[in-house]
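Shown next, in structure tokens, is the structure this report addresses.
Side chains are part of it too, since the values below use all heavy atoms of this structure and drop only hydrogens, waters and symmetry mates. Chain identifiers are assigned alphabetically (A, B, ...) following the order of the sequence lines, protein sequences preceding nucleic acid strands; residue numbering begins at 1 within each chain.
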Protein chains: 2
Amino acid sequence: MPAIAEQHDWIDRFEGLSRLEPRIRDVLTARSQVIRVPANTVIFGPGKSPDNMLLLLDGTVRVQQLAESGREVVLYRVTAGESCVLTTACMLAYEDYAAEGVAETDITAAAIPRAVFDDLVSTSKEFRNFVFRAYSRRITDLFHVIEDIAFRRMDIRLAQKIIERADTGVLKATHAQLAAELGTAREVISRQLAEFQRRGWIAQGRGTVEILDCDGLRKLAET
Amino acid sequence: MPAIAEQHDWIDRFEGLSRLEPRIRDVLTARSQVIRVPANTVIFGPGKSPDNMLLLLDGTVRVQQLAESGREVVLYRVTAGESCVLTTACMLAYEDYAAEGVAETDITAAAIPRAVFDDLVSTSKEFRNFVFRAYSRRITDLFHVIEDIAFRRMDIRLAQKIIERADTGVLKATHAQLAAELGTAREVISRQLAEFQRRGWIAQGRGTVEILDCDGLRKLAET
DNA sequence: GCCAATCAGTGACCTAGTCACACAAGGCGG
DNA sequence: CCGCCTTGTGTGACTAGGTCACTGATTGGC
């Protein structure tokens, strides 16, 4: 059986939980459970609300909005060290969401049952802060999405997305995936990428975009 | 001095607070304050976070997103009997919002200081539910905005908006205001309204839209 | 009655999304 | 290794929506 300190270990991966009251740390570790979920699992979605709040330990969860037309937009990603507060919102769901959360990689997460969540919110000021800050962050993310979609040009948004998601200089994604990411149509992406290529900023392969001139992209993205 | 029952009165205007624990009702009334704010006051916005959570007793608050370009979108409205949870989010602000809340009419609201809010969340399960439900509702609203902007046609959105906001059959709003409402440009509204008029669905005046054929509009809106 | 501010209409032009394709690259069973 | 199927990409024609630069109309204030 692992020592208490070891059990507590994962909590420290959450910035917002570092100052959690010791007593609360015990409750959190004792009454939550570390779970593993394979990539591409739908964690929550229309008609599928989970009964646990998830604190992501490893991997990323993509939260996206689906339209009846089949088009999509990515709203935000939950990365390791963050909580999926919308899960909480789903648990208390006022109405069914049109959004879904998908495991983008294999993930491990601490699952906090609803009752425990309620208990923690009630008894720990630090946990309350953590939860409200997480909400705040997500709402800010949504505001950015709205601003982007409503007011920014596609070429700029695409350039940003490429920079943001191509850590190694090569982005593995099809045009269709990038379109879903930005809430537009595949053809639009194809045309924009063709233009980027013509300008020598990128090279394309089947399912990949390679950055050749990051500065070129960045200059556009910062417009 | 008003009787306790009378002091509690406003609480009952909030559906979500009807089952509040009696002890909590007392705290809420004793430690919150009813305030009045004239129309067009900016309640919160970039660089202006309030230190109270507001429960709206009368009037409406319009929450809108501003772009540097000067364009706007209305995100949602808070009406009497609802709480302005984003106010809370602002209080704990993770980051400055690009959104602002404006009193659309003269309003009266119960202001709950931050400390009291925290206290209530901690001690009352009913109040917690109320708060989380309010968050959930707002997030749902934001999802709808995203869906609308990203995937729906302007003519449909405009028709819906007209129906939604013209209770008496006459809508008092300039083209520019409708454009800000939907996050588009004034010219687009002008052209769409001209088309609606041509079809005999509406009549226009300076700053007004009169519905002539609600069924016509509705048929479009339900597409 | 005049002026300035506000509101609405319009054409030209550009960006974005839709539709209907053609075509190319890999994957795989035979 | 070949044909075939799936998936990914390219393209032209067209519609919808957004921008720009105007004009003209209405109205409230002096």
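A/Thr105 places a side-chain N or O within 3.5 Å of a backbone atom of A/Thr60 that can act as its donor or acceptor partner.
Side-chain contact between A/Asp58 and A/Arg13: present, with at least one pair of heavy atoms (C-beta onward) separated by less than 4.5 Å. At least one side-chain heavy atom of B/Asp155 sits less than 4.5 Å from a side-chain heavy atom of B/Gln192. Considering only heavy atoms from C-beta on, A/Val73 stays 4.5 Å or farther from A/Leu66 through its side chain.
Nearest approach of A/Arg71 to B/Phe151, heavy atoms of both residues: CB-CE2, 3.6 Å. Closest approach of A/Asp213 and A/Gly200 over heavy atoms only: CB-O, 3.8 Å. Summarising the geometry of B/Arg157 relative to B/Asp148, their closest heavy-atom pair is CD-O, 3.6 Å, with the distance given to 0.1 Å.
If you check the side chains of B/Glu100 and B/Gln64, you find a donor sitting under 3.5 Å from an acceptor.
A/Gln192 comes within 4.0 angstrom of sugar-phosphate atoms only, judged by non-hydrogen atoms across all strands, and of no base. As judged by a 4.0 angstrom heavy-atom cut-off over every strand, A/Gly205 is placed among residues touching the sugar-phosphate backbone only. Residue B/Gln197 is classed as having no contact, given no heavy-atom separation below 4.0 Å to the nucleic acid.
A sub-4.0 Å separation between OP1 or OP2 of C/dG17 and a side-chain N or O of A/Thr184 is present. Under 4.0 angstrom from either OP1 or OP2 of D/dG10 there lies at least one side-chain N or O belonging to A/His175.
For A/Phe117 and B/Phe132, the gap between ring centers is short of 6.0 Å.
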For this session: Take nucleotides 20-30 of chain D nucleotide by nucleotide from the 5' end and write B, S or -, depending on whether a protein heavy atom sits under 4.0 Å from the base, only from the sugar-phosphate, or from neither.
Result: BB---BBS---
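Spacing between atom CG of B/Leu220 and atom P of D/dA16 amounts to 12 Å, rounded to whole angstrom units. Whole-Å rounding puts the A/Arg198 CZ to D/dG10 P distance at 15 Å. C/dA8 atom P lies 11 Å from atom CG of B/Leu171, rounded to whole Å.
Closest to the side chain of B/Arg71, from the set D/dG18, C/dC7, C/dG9, is D/dG18.
For the segment residues 148-157 of chain B, the set of residues with a heavy atom within less than 4.0 Å of an atom of DNA chain D comprises B/Arg153, B/Met154, in numerical order.
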